[in-house]
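Shown next, in structure tokens, is the structure this report addresses.
Residue numbers start from 1 in every chain, and the chains themselves are labelled A, B, ... in the order their sequence lines are given, proteins ahead of strands. Heavy-atom basis, side chains included; hydrogens, waters and symmetry copies ignored.
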Amino acid sequence: MTMPKTFDFASAEGRLYDWWEQNGWFRPEAAPEDAEPFVISIPPPNVTGALHIGHALFVSIEDLMIRHARMQGKAALWLPGSDHAGIATQLQIERMFAEEGRSKDEVGREEFLERTWAWKERYGGEILNQLRRMGASCDWERERFTLDDGLSGAVRDVFIALYEQGLVYRGPRLVNWSPGLQTAVSDLEVEHAEETGKMYLFRYPLKDGGHIPVATTRPETILGDTAVAVHPDDERYRHLVGRRALVPMLNREIPVIADPQVDREKGSGALKVTPGHDPNDFDIGERHDLPVLNVMNRDASMNENAGPYAGLDRFECREKMWSDMEAAGLTIKVEDIRHSVPRSQRGGEIIEPMVSVQWFLRVKPLAQGALEAVRDGRIRIVPDRFTRVYYHWLENIEDWCLSRQLWWGHRIPAWYGPNGEIHVGRDAPTGEGWTAEEDVLDTWFSSGLWPFSTLGWPQETADLQRFYPTTMMETGYDILFFWVARMIMLGLWFTGEVPFRTVYLHGMVRDGLGRKISKTLDNSIDPLEYMDRYGADPLRFTLVTSGTPGNDVNVDVKRIEGNWRFVNKLWQMASFVKLNLGGHEGEWQHDSSPHDLYSRWILSRLDTLVRNANRQFDSYLYGEAGRQVHDFLWREFADWYIEISKIALHGDDVGARQRTLQTLVHALETGTRLLHPFMPFVTEEIWQHLPHEGETIMMAPWPQPDEELQDPDAEAIMDALVELVRGVRNARSEYNVPHGRRISAQLRPGLAGNHIDELRAMVGRLCRVENLTLLATEDSDPEGCATVVVNDSVVYLPLADLIDVDAERRRLEKERDQLQQRLQRAQGMLKNEQFVSRAPEAVVKRELDNRDELRASLEIVDARLASLRD
RNA sequence: GGGUCGUUAGCUCAACUGGCAGAGCGUUUGACUUACAUUCAAGAGGUUACAGGUUCGAGUCCUGUACGACCCACCA
């Protein structure tokens with residue numbers, strides 16, 4: 001069966017994917033029962049999501065890891081699934097209802113959830129189908145969803161256990177309130193941006209007359225003040241401690257207190273204390289038993305505690321308040337300042353610190369184990385610089401606000417009794433008057449259980465036994481805290497084991513100019529669009545080879561096109577081999593006599609490639625490995641070996657032809673296997689056309705180095721021959737020898753003289769030189785020739801009609817200058833006794849050889865130049 | 001205020017444990033050479049941000065500076 005002219009990825013991808021899946025090769029069961037497991041739990045994409053370039057990156061890397069492990073004979077399990085993504089999904093469904101003109105509250109919880117589930121069933125699989133399109137070899141029979149029954153049970157059990165262990169508590173605390181989403185969010189979901197704002201300085205009136213100057217950036221919070229604080233040692237204000245102040249515009253009486261937390265250097269040195277709206281003040285308030293006043297509603301409009309300002313939006317209130325204070329003569333001045341503003345990671349709106357009753361997890365006890373697991377090496381983080389970041393965060397961790405005022409999520413299993421009792425458990429308590437908790441858990445709480453909940457925990461399932469701890473956690477560094485750290489904490493706490501052995505962190509995808517992908521810049525790179533245009537393989541190869549571990553990758557979309565060309569090039573190499581295999585299939589591998597120089601050379605190079613690739617895979621340097629395979633196949637195999645192979649293939653030595661075919665097949669088939677984890681589709685299709693063992697390249701063995709193939713002599717000789725060919729081509733080009741014109745040449749043999757047959761064949765085939773003849777030692781240099789010098793060998797090209805003596809002289813002078821420069825460098829090093837005595841022997845020897853070769857070349861070039869001057 | 005990463009060809013990026021700085025794209029010239037014009041050949045293009053240091057030898061290790069990006073932190 002001959003191969004089509006080009007690779008039709010559009011039809012091949014779906015066909016191959018279905019075939020792989022139907023044969024069960026994505027399942028760990030495809031490996032022998034005693035095979036070592038290799039497990040990745042997928043970072044579950046949001047059900048609402050559509051494949052974006054960030055997904056494409058992680059899929060490319062993880063599928064590469066999984067396919068590599070599978071080819072190594074491991075029981076590879078890539079467990080797929082999706083995340084219910086509380087906030088993101090809820091917002092989407094809210095928008096749907098809004099389009100129908102109904103608010104979430106009008107709809108009610110029950111219908112809202114019904115609709116969300118219906119939507120999830122209908123569209124939630126879309127993102128996973130897009131993963132399939134990329135070639136992701138996940139075990140779809142093990143697919144999980146964070147809100148499915150098993151996982152929900154795990155979440156509930158974990159919550160209850162933590163509550164019973166006294167680690168989960170409920171209470172009023174200052175939280176980050178998102179007025180747009182109307183829910184609390186965790187510290188991690190708040191971003192701090194340096195922005196220009198205003199600092200308002202004003203007089204805090206005292207009841208008995210006088211005032212204290214106080215500064216704030218949020219005048220509306222004055223309405224919630226319950227004290228004015230000064231530093232106990234501050235001479236300026238010490239005498240005022242114990243007096244009473246009056247809240248501006250409300251005239252509510254509050255104390256003047258002394259607290260060491262007040263920074264005398266900041267602002268006016270006196271502090272308005274608003275325990276209900278400032279974390280700092282909340283602490284002070286606790287120490288002094290101050291009332292905690294919340295002056296805002298859920299949407300951050302002012303509430304009844306704001307007196308006349310009730311109902312105003314917080315920013316309207318700020319202006320109104322200030323102008324009223326101005327009128328009352330209380331203001332001093334307003335200054336522009338740069339300060340950091342807390343904004344919602346999702347909506348971008350300003351987060352309001354607000355006191356609120358929420359569920360919290362005391363994280364510190366869990367953090368200890370998570371720190372130890374990395375410190376003692378049970379978990380390794382790659383690249384290891386992230387280890388420090390991880391330590392720093394866990395060492396300073398604060399309690400985690402678990403509750404969210406949403407509907408879509410795991411409902412907190414708590415009930416409130418008529419007398420204020422709290423019941424936490426699997427089932428509702430019996431008896432009258434209990435009401436269920438309305439809030440759900442932070443999405444990341446369920447994600448934190450992902451590596452073991454997906455394997456059946458808390459049941460002692462066979463999967464849990466076999467595949468836990470998992471092997472590799474591959475994800476972006478942006479969710480090291482959100483997700484990775486929490487999986488480690490919860491995994492250790494509940495299973496007693498690390499959830500995974502290695503954490504591999506990749507960077508963020510940026511555009512071709514290094515800019516963040518953003519809607520406002522409109523610079524998104526749509527993976528689907530590029531897969532439509534070029535197929536999945538070029539996209540995958542580009543993503544993996546464009547960067548280095550842990551660093552952001554700037555994706556230059558032109559590289560996708562370039563790698564599509566690479567796919568075609570591969571296809572053409574295979575076509576060539578296949579074509580030449582022709583009717584000889586089966587015959588091609590019978591000849592076991594020693595190989596020719598060319599074949600020994602390419603096999604030696606191939607072995608070096610295999611060696612490098614193995615080392616790089618072991619160090620997670622996938623990008624470098626991919627680039628090297630690419631360069632080998634294109635630059636060495638196709639440009640040189642295939643071209644040279646035509647000598648034997650078109651010759652009449654049957655043995656030589658067969659040995660060459662054997663090498664062609666071996667090198668290409670091996671290269672294809674090396675490439676399979678990067679580009680699964682085209683490699684499978686090609687592999688099927690080549691002679692191979694086994695059913696699928698997916699399960700073919702990963703290439704191993706073979707010491708026998710190393711052949712430094714063949715490499716050295718081929719390097720010289722290749723240089724001679726390049727030199728002849730260069731001379732032809734410089735002298736504008738018409739492309740079709742055949743020329744003759746003479747060789748003054750140095751080392752290359754031992755391989756005159758090979759050289760003759762090569763120049764004949766590759767640069768249209770016929771009649772390469774040998775010059776005897778006593779022969780004088782031929783006249784009117786262009787000269788090509790490589791080491792101690794010289795090729796003379798009789799181009800009398802084209803040679804311009806001046807031009808040839810310039811050419812040789814340039815050559816001489818280059819040689820001299822390199823020779824000087826080598827001689828300089830060798831003259832240095834320190835170098836000779838201290839550098840490794842091999843390095844010195846290489847430099848010696850180098851010098852000798854350069855000297856030989858230079859001598860010849862000089863002689864030629866001298867003869868031209870005559 | 002702490003910390004991390006980056007700065008290499010016009011652009012986007014490589015360079016494993018220090019050992020002759022590479023690729024793709026772009027650019028110049030030539031070629032439809034029966035696997036491939038989705039290609040091939042030849043060329044141009046670099047003081048590896050800057051200043052010191054260590055070393056026989058530094059893009060690579062150390063110190064500092066500049067610029068850029070990011071992370072953490074309760075700066076009224």
What distance, rounded to whole Å, do you find between the two [atom1] atoms, one in [N] and one in [M]?
N      : M      : atom1 : answer
B:rG45 : B:rU8  : C1'   : 14 Å
B:rA69 : B:rC32 : C1'   : 48 Å
B:rA66 : B:rG24 : P     : 38 Å
B:rU4  : B:rC61 : P     : 14 Å
B:rU7  : B:rG46 : C1'   : 14 Å
B:rA58 : B:rG52 : P     : 14 Å
B:rG1  : B:rG57 : C1'   : 41 Å
B:rC36 : B:rA41 : P     : 15 Å

Please answer whether the main-chain N or O of [Y] pairs with a side-chain N or O of [X] as donor and acceptor at a distance below 3.5 Å.
X      : Y      : result
A:E643 : A:W640 : no
A:R765 : A:A761 : no
A:W571 : A:P4   : yes
A:D278 : A:T274 : no

#### Entry: Pair A:F541 and A:F566, ring centroids less than 6.0 Å apart
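Between A:F566 and A:F541, which both carry aromatic rings, the centre distance is below 6.0 Å.
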
### Message
Could you check whether A:F202 and A:Y204 have their ring centres less than 6.0 Å apart?
### Response
yes

Could you tell me which residues satisfy side chain to side chain contact (heavy atoms under 4.5 Å, CB included) with [X], sequence neighbours excluded, listed by chain and number?
X      : answer
A:F481 : A:L188, A:V389, A:W393
A:K814 : A:Q818
A:D478 : A:M508

### Message
Can you tell whether the side chains of A:D556 and A:K558 come within less than 4.0 Å, N to carboxylate O?
### Response
no

### Query
Salt bridge or not for A:D399 and A:R173, using N-O below 4.0 Å?
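Salt bridge present between A:D399 and A:R173.
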
Distance check: side-chain N/O of [X] vs OP1/OP2 of [N], anything under 4.0 Å?
X      : N      : result
A:R729 : B:rA42 : yes
A:K646 : B:rU34 : no
A:K5   : B:rC36 : yes
A:N730 : B:rA41 : no

Tell me the interatomic distance from [X], atom [atom1], to [N], atom [atom2], rounded to whole angstroms.
X      : N      : atom1 : atom2 : value
A:R385 : B:rC71 : CZ    : P     : 14 Å
A:L480 : B:rC70 : CG    : P     : 18 Å
A:R742 : B:rU33 : CZ    : P     : 13 Å
A:R741 : B:rG30 : CZ    : C1'   : 16 Å
A:E723 : B:rA42 : CD    : C1'   : 13 Å
A:E643 : B:rA42 : CD    : P     : 12 Å
A:L797 : B:rA42 : CG    : C1'   : 14 Å
A:M508 : B:rG6  : CE    : C1'   : 16 Å

### Task
Fit a plane to each ring of A:F617 and A:Y622, take the angle between them on a 0 to 90° scale, and name the class: parallel (under 30°), tilted (30 to 60°) or perpendicular (over 60°).
perpendicular

### Most 5' of A:T548 and A:V725 on RNA chain B, judged by nearest nucleotide
A:T548

### Message
Go nucleotide by nucleotide along RNA chain B from the 5' end; which of A:E191 and A:V555 gets its closest nucleotide reached first?
### Response
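Its nearest nucleotide lies further toward 5', so the answer is A:V555.
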
## Note on the structure
Dot-bracket for RNA chain B, 5' to 3', Watson-Crick and G-U pairs with both distances under 3.5 Å, [ ] for crossing pairs, | for partner on another strand, reads (((((((..((((.....[..)))).(((((.......))))).....(((((..]....))))))))))))....

Nearest to side-chain heavy atoms of [X], which nucleotide of [options]:
X      : options                : result
A:N568 : B:rG43, B:rC71, B:rU38 : B:rU38
A:Q572 : B:rA15, B:rC5, B:rC36  : B:rC36
A:W634 : B:rC40, B:rC70, B:rA35 : B:rC40
A:D639 : B:rC40, B:rA69, B:rC71 : B:rC40

Under 4.0 Å, counting only non-hydrogen atoms across every strand here, what does [X] touch: a base, just sugar-phosphate, or nothing?
X      : answer
A:A826 : nothing
A:F481 : sugar-phosphate
A:I642 : base
A:R732 : nothing
A:K845 : nothing
A:G547 : sugar-phosphate

What protein N or O atoms touch nucleotides 73-76 of chain B N or O atoms at under 3.5 angstrom, if any, and at what distances?
from: B:rC74; atom 1: O2; to: A:N280; atom 2: OD1; distance (Å): 3.2
from: B:rC74; atom 1: O2; to: A:N280; atom 2: ND2; distance (Å): 3.4
from: B:rC75; atom 1: O2'; to: A:K266; atom 2: NZ; distance (Å): 3.2
from: B:rC75; atom 1: O2; to: A:K266; atom 2: NZ; distance (Å): 3.2
from: B:rA76; atom 1: O3'; to: A:T217; atom 2: N; distance (Å): 3.4
from: B:rA76; atom 1: O2'; to: A:A215; atom 2: O; distance (Å): 2.2
from: B:rA76; atom 1: N7; to: A:K266; atom 2: O; distance (Å): 3.1
from: B:rA76; atom 1: N6; to: A:D263; atom 2: N; distance (Å): 2.7
from: B:rA76; atom 1: N6; to: A:D263; atom 2: O; distance (Å): 2.2
from: B:rA76; atom 1: N1; to: A:D263; atom 2: N; distance (Å): 3.3

### Task
Assign a letter to each nucleotide of nucleotides 16-29 of chain B from its 5' end: B, base within under 4.0 Å of a protein heavy atom; S, sugar-phosphate only; -, no contact.
B--BB---SS----

### Task
State whether the aromatic ring of A:W571 stacks on the base of B:rC36, taking stacking to mean ring centres under 5.5 Å apart and ring planes under 30° to each other.
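A stacking contact does not exist, since A:W571 is not both close and nearly parallel to the base ring of B:rC36.
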
### Task
Specify the closest pair of heavy atoms between A:V334 and A:K198, including all atoms of both residues, with the distance to one decimal.
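Between these two residues, the closest heavy atoms are CG1-CD, 3.7 Å.
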
### Task
Go through the steps for A:Y477 and A:F386 under the test ring pair (Phe, Tyr, Trp, His ring centres under 6.0 Å), then give the verdict.
CA-CA 8 Å; A:Y477 65 69; A:F386 288 105; 5.7 Å; yes

#### Entry: 4.5 Å side-chain heavy-atom contact, A:L633 and A:V629
yes

